[in-house]
Student: 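Handing you this structure, nothing more for now.
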Amino acid sequence: MTDNKKERMLDLLTDEVLFGLDEKERNELRELENLFPELRNDNSLELTASAIGFSNLPIEPLPDHLEKRILMEADNFFAGEKAAKVLPSETQTSLAEVSAADEEIQKTFVFESKRPWTQWLGWAFAGLACLALAFSMWTNLQKPTVVERVVEVPVKSPSITDQYNNLLASAKDLQKATWINPKNDKETLGEVVWSEAEQKGFMKFKGLAANDAAKEDYQLWIFDETQDEKTPIDGGIFDVANNGEVLIPIDARLKFKNPKLFAVTKEKEGGVVVSDRQRLVAIAKVSV
Amino acid sequence: LTKAILQRIAEGDKAAVQDCLTTYGGLVWSLARRMLPNINEAEDAVQEIFIDIWKNAERFDEKQASEATFVAMISRRRLIDRVRKSQRQVSAASLDDILVEPSVNLHQHMQIGVEARQAAKELSNLRPEQRQVLQLSIYQGLSHQEISSLTGMPVGTVKTHARRGLLQIRENLGLKEVSA
């Protein structure tokens, strides 16, 4: 009997990796996971499918323009990610600490666009230095500081708080909705603000329980008119370090249009593609 | 020993992001191009995938799988999500384009993943119908119903071939159980 159930669980795990599961199958898998917890987090089947996936893949180079876009994205991502992870709860203090964290990140992650470019820059500076020297000799002046000034190019990305304030100040189509506890609609948990035109938004929470980041993540879902209710847009995962106020940027995977509802679920670490919605922790209905 | 790129990213090494793009940019881009015919969609997907890779970098364990396989796994999750949401249709005429012999260009393209090289070999050792179903599912993200329509096999048979084929390859690859 146990062997049959284990075999059935393997079937479901395989189907999940290759085809996805429907609601009934997901429920069945959840029940079987209780019997075989050792298989719950096994992703060896997914790794196998992935290895097969590029086993016969003719590799095309990544286009240059896309590489540049991703490098720019990296700068923003690492600044935002670090700040979000560090976000503590007390309002004024936390915002100051976020800015400080961003400053730190900006020092750590000032991404060079490409090595060949920086190599070229070196030669350019050398050329500039030669020109400056020749000019100085010709005019009998000695002012080599020009080259030094060229090197000092500060790179600064706005902090999450700055980005939030900028959105509030600049977005002409800014919308807001209030987070409530789905089990008690009188309990408010914060608000979500967004701009469809800018495809940006932020979630503010107060009183959301801290998660164990090693085991689980919070995940945002956006229900809008572009997607079926069964497959809302993944709005990104995030952690809450303390019980208190946090400010999280929305990280929507797809372009959203006329959101009707925002929902936050607690999921396994790393998030999920489709939520079973068993652990719904906050919802924000958009008033029409 | 040289540290894995993903480990360096997790530690905040700024040069590792460029190294990641140089090493795996082509892999991720090629996976996206194969599964998403629209070039703009593929570009958006690749951007999202690299963010996912950075987010998950600390979860990579080189004792469990190669870095390339881990990157391919993160890529696959995102691409399948997009394919399923787009509800695209695949015509029977494209079947020949999808199904290619696993040994083609093997040497040329197999420099980045130990498991991939072995997976290609194991795939070629499967029964033809098992191989066909796995290729349609994994290369194109087709559902069992779509594979059934394309091949004429009953849905149950499609699932059986897919399960047996995948489990056999996993066993032969000796991939360890990991959580991510």
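Naming convention: chains lettered A, B, ... in sequence-line order (proteins, then strands); numbering from 1 in each chain.
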Student: What part of B:Ile74 gets within 4.5 angstrom of chain A, counting heavy atoms only: side chain, backbone, both, or neither?
Tutor: neither

Student: Over all heavy atoms of both residues, which pair between B:Val17 and A:Ala74 is shortest? Give the atoms and the distance, please.
Tutor: CG1-CB, 4.0 Å

Student: Side chains of B:Thr160 and A:Asp11: does their closest heavy-atom pair fall under 4.5 Å?
Tutor: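 Not touching, per the 4.5 Å side-chain cut-off.
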
Student: Considering heavy atoms only, which positions within residues 12-20 of chain A lie below 4.5 Å of chain B?
Tutor: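 Within residues 12-20 of chain A, the residues under 4.5 Å from chain B are A:Thr14, A:Asp15, A:Val17, A:Leu18, A:Phe19, A:Gly20.
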
Student: Is a salt bridge present between A:Asp251 and B:Lys55, judged by a nitrogen-to-oxygen distance below 4.0 Å?
Tutor: yes

Student: Would you call B:Trp29 and A:Ile59 a side-chain contact if the rule is heavy atoms closer than 4.5 Å?
Tutor: no

Student: List in chain and number order the residues that pass ring-ring contact (aromatic ring centres under 6.0 Å, His included) with A:Phe223, two or more places apart in sequence or in another chain; answer none if no residue qualifies.
Tutor: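 ring-ring contact (aromatic ring centres under 6.0 Å, His included) check on A:Phe223 returns nothing, list empty.
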
Student: Go through A:Asp234 and B:Arg78 one step at a time and tell me if the side chain to side chain contact (heavy atoms under 4.5 Å, CB included) criterion holds.
Tutor: CA-CA 11 Å; A:Asp234 175 0; B:Arg78 177 66 55 187; 4.1 Å; yes

Student: Nearest 0.5 Å please: distance from the CG atom of A:Leu66 over to the CZ atom of B:Phe50.
Tutor: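 Going from CG on A:Leu66 over to CZ on B:Phe50, the span is 8.5 Å.
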
Student: Does B:Gln18 form a side chain to side chain contact (heavy atoms under 4.5 Å, CB included) with A:Leu71? I'd like the steps, not just the answer.
Tutor: CA-CA 8 Å; B:Gln18 177 67 68; A:Leu71 282 169; 3.5 Å; yes

Student: Heavy atoms only: give me the nearest A:Ser50-B:Arg76 pair and the separation to one decimal.
Tutor: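 Heavy atoms of A:Ser50 and B:Arg76 come nearest at OG-CD, 3.9 Å.
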
Student: If you compare all heavy atoms of B:Tyr139 against all heavy atoms of A:Ile52, which two are closest, and at what distance to 0.1 Å?
Tutor: CE2-O, 3.5 Å

Student: I need the minimum non-hydrogen distance between B:Ile138 and A:Gly53, along with the two atoms involved.
Tutor: CG2-CA, 3.5 Å

